[in-house]
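Only one structure is covered here, and it is reproduced in the block below.
Atoms within each ligand, like the ligands themselves, are counted from 1 in listed order. When a residue number appears, it is its place in the shown sequence, counting from 1.
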Amino acid sequence: MNRKILCLKDGPYEVRGPVRIEDADGNVTETEGMAHHLCRCGASQIKPFCDGSHETAGFVSE
Ligand code: FES
């Protein structure tokens, strides 16, 4: 299965494909091929994942 990271306009990184995501505390998420969204705006309350806060924060990717 292909692995891919998409940089969504004014939003998070979308991770596709089977990958292992490990946060700074060592918590692991295995994506099992499902798309996951990683915060790149810094406003998420559930880092490293996006919780949609980029919209209210007015994050602009470019
Ligand atoms: S990119 Fe969505 S909350 Fe940060």
Side-chain angles (χ1 to χ4, degrees):
M1 180 178 277
N2 283 338
R3 295 180 176 91
K4 184 184 295 186
I5 298 175
L6 302 172
C7 302
L8 301 184
K9 181 172 175 49
D10 301 336
Y13 296 113
E14 183 173 286
V15 179
R16 295 183 184 176
V19 297
R20 173 186 168 99
I21 300 169
E22 185 171 330
D23 71 15
D25 295 324
N27 299 304
V28 173
T29 298
E30 300 280 354
T31 66
E32 299 177 0
M34 297 175 57
H36 281 67
H37 296 89
L38 301 180
C39 178
R40 67 173 168 156
C41 76
S44 175
Q45 297 300 305
I46 57 167
K47 294 181 190 85
F49 300 100
C50 171
D51 67 359
S53 294
H54 58 271
E55 293 182 16
T56 54
F59 176 67
V60 178
S61 57
E62 295 180 27

Quiz prompt | N, O or S atoms of the protein lying under 2.8 Å from atom 4 (Fe) of ligand 1 | solution = C39 SG, C41 SG

Quiz item: Taking side chain as C-beta onward, heavy atoms only, is H54 less than 4.5 Å from D10?
Solution: no

Quiz item: Counting only heavy atoms not in N27, do more than 12 fall under 6.0 Å of its CG?
Solution: yes

Quiz item: With a 4.5 Å limit on heavy-atom distance, are the side chains of L8 and Y13 in contact?
Solution: no

Quiz item: Do H37 side-chain atoms and A35 backbone N/O form a donor-acceptor pair below 3.5 Å?
Solution: no

Quiz item: Got F49 and D23 here, is their nearest side-chain heavy-atom distance under 4.5 Å?
Solution: no

Self-check item: salt bridge (charged side-chain N to carboxylate O under 4.0 Å, His left out): pairs with one or both residues in residues 27-52, sequence neighbours excluded
Solution: R20-E30

